[in-house]
Amino acid sequence: MNTCPQCNQVYYDDTNFCLNDGATLVPASQIPTAPQIEMPTVVRSASPVSPVRHTVESVPQPNAQPIMPATEGVAARHPYVVIGIVLLLLLGVGLGIYFLRSPLNGPTEPAKNPSADSRAGNSAGADQNKQDAIDKEKGNLKTDEQKLEEERKRLEEGEKAAELAKAEPDNYDAQMKAADHYYQTSKFDSAIKTLNQARRLNPEASEPMFMLGNTYYEKKSMKTAGAWYEKALEKSPNNVPHRGQLGLTYLNRPKPNVDRAIREFNRALEIDPKNPRILYNLTSAYATNGEAANARATLARLEQLDSGMDLVELRKYVAELKK
């Protein structure tokens, strides 16, 4: 057996050079202190082996475990944790899509139809319905919040007007604004008192008399309301709203004077033939009086107009008349 004096590697006798460092081998007996090393299995070659410089290569150990990525290791060790994370991500995506598609904004209020407080109809409701229809076509129908805010401002301004009217009793405009505030808030006695003060300040003005008529009308005092409308007409005989309101007082009294109401409505139509409010009330008056032909003819005139008024009840009323 031969031994390398440099690295103590042991070879068979037919090998002369060390395969590790190329040193000349010597008999093993000449190196008595060399440690006993297990001989590797070497392939014999028929030709001499030249010394070769070897590079070190990493050789995988037989029992070594492959190194896994961190996520793969978590999935292998804790599969339920990974499943939970995936479910949470899917839930988050689903909620995000839901809230993005959900309307945030509350739906707008539809246009209201006018309702009649009597068969004569409620002109204020009709006017509001027509205005809402116009606003809807323009795409600017107001929301509930906007209407509430406007109402709050009106009340605030009305209260200021009432305070000013008390502080300045000789201020006609202040009295009229305060009276309107009292009327709108159903404080009719305060409205009457303030309107009388305005009338004393400007006796020739018809507006305080007309508003007095409206206030008594709301109090169901039709006779007194009619008297104030007549006083207002003395100052402005061609005023169609004044004439129309006077006709309503005769139509809505405990003992209606329908003929007088019809006469007042026709006088108003002589001034404004296409006034939808007057046509509505005249149709109702004819129907109340049993004049079927006149009621149908007047209703036909009203239907030709783009008034925006709700005519369902009026049509039904007229349709029930005998021919």
Side-chain angles (χ1 to χ4, degrees), residues 110-134 136-137 206 209-210 213-214 216-323:
K112 296 179 180 179
N113 290 327
S115 59
D117 59 351
S118 67
R119 291 199 181 272
N122 188 330
S123 58
D127 291 345
Q128 182 62 45
N129 179 70
K130 186 174 182 179
Q131 185 60 47
D132 283 351
I134 294 172
K136 186 175 182 180
E137 290 179 359
S206 64
M209 302 173 188
F210 178 67
N214 288 342
Y216 279 107
Y217 187 96
E218 293 297 328
K219 293 185 68 171
K220 310 300 180 184
S221 300
M222 296 299 165
K223 187 175 181 179
T224 305
W228 282 112
Y229 289 139
E230 287 179 345
K231 287 184 177 294
L233 285 167
E234 291 176 3
K235 303 297 180 181
S236 55
N238 293 326
N239 190 300
V240 173
H242 293 14
R243 186 72 62 183
Q245 286 299 114
L246 176 59
L248 282 177
T249 64
Y250 286 106
L251 195 62
N252 291 294
R253 293 185 184 191
K255 293 182 179 182
N257 187 342
V258 183
D259 290 335
R260 177 66 185 272
I262 291 173
R263 186 160 68 248
E264 296 298 337
F265 293 145
N266 277 317
R267 291 181 66 181
L269 287 175
E270 290 174 2
I271 302 169
D272 186 2
K274 294 184 179 180
N275 188 297
R277 188 181 310 174
I278 303 299
L279 287 169
Y280 188 107
N281 294 332
L282 180 58
T283 302
S284 180
Y286 278 136
T288 301
N289 220 25
E291 301 180 35
N294 286 333
R296 293 189 182 94
T298 309
L299 177 59
R301 291 171 61 185
L302 176 58
E303 289 175 332
Q304 292 176 357
L305 304 176
D306 183 18
S307 64
M309 299 177 73
D310 184 356
L311 304 179
V312 174
E313 290 298 323
L314 187 61
R315 290 186 180 116
K316 183 178 178 181
Y317 188 38
V318 173
E320 291 173 354
L321 297 173
K322 295 180 180 180
K323 296 184 179 179

For the student: nearest non-hydrogen atoms of [X] and [Y], plus distance:
X: E264; Y: G247; value: CB-CA, 3.9 Å
X: S307; Y: P276; value: CB-CB, 3.7 Å
X: V258; Y: A285; value: CG1-O, 3.4 Å
X: A225; Y: G213; value: CB-O, 3.3 Å
X: E291; Y: N289; value: OE2-ND2, 2.8 Å
X: T249; Y: R253; value: O-CG, 2.6 Å

side-chain contact (heavy atoms from CB on, under 4.5 Å) partners of N266, counting only residues at least two apart: I262, L269, L282, Y286
Which residues share a side-chain contact (heavy atoms from CB on, under 4.5 Å) with K235, sequence neighbours left out: E204, S206, M209
Quick one: pull up [atom1] in [X] and [atom2] in [Y] and give me the separation to the nearest 0.5 Å.
X: R243; Y: L233; atom1: CZ; atom2: CG; answer: 4.5 Å
X: N238; Y: D272; atom1: CG; atom2: CG; answer: 11.5 Å
X: L246; Y: R263; atom1: CG; atom2: CZ; answer: 10.0 Å
X: L314; Y: M309; atom1: CG; atom2: CE; answer: 8.0 Å

ring-ring contact (aromatic ring centres under 6.0 Å, His included) partners of residues 235-258, not counting sequence neighbours, each pair once: F210-H242
Derivation and outcome, side chain to side chain contact (heavy atoms under 4.5 Å, CB included), residues Y229 and Y217: CA-CA 10 Å; Y229 289 139; Y217 187 96; 3.9 Å; yes
Among T298, L302, V240, the one residue meeting side chain to side chain contact (heavy atoms under 4.5 Å, CB included) with I278: V240
Modelled atom types, side-chain donor and acceptor of Y317 and T283, under 3.5 Å: no
NZ/NE/NH1/NH2 to OD/OE distance under 4.0 Å, R260 and E230: yes
Within-4.5 Å side-chain heavy-atom neighbours: W228 and K231: yes
Steps toward side chain to side chain contact (heavy atoms under 4.5 Å, CB included) verdict (L248, M222): CA-CA 9 Å; L248 282 177; M222 296 299 165; over 6 Å; no
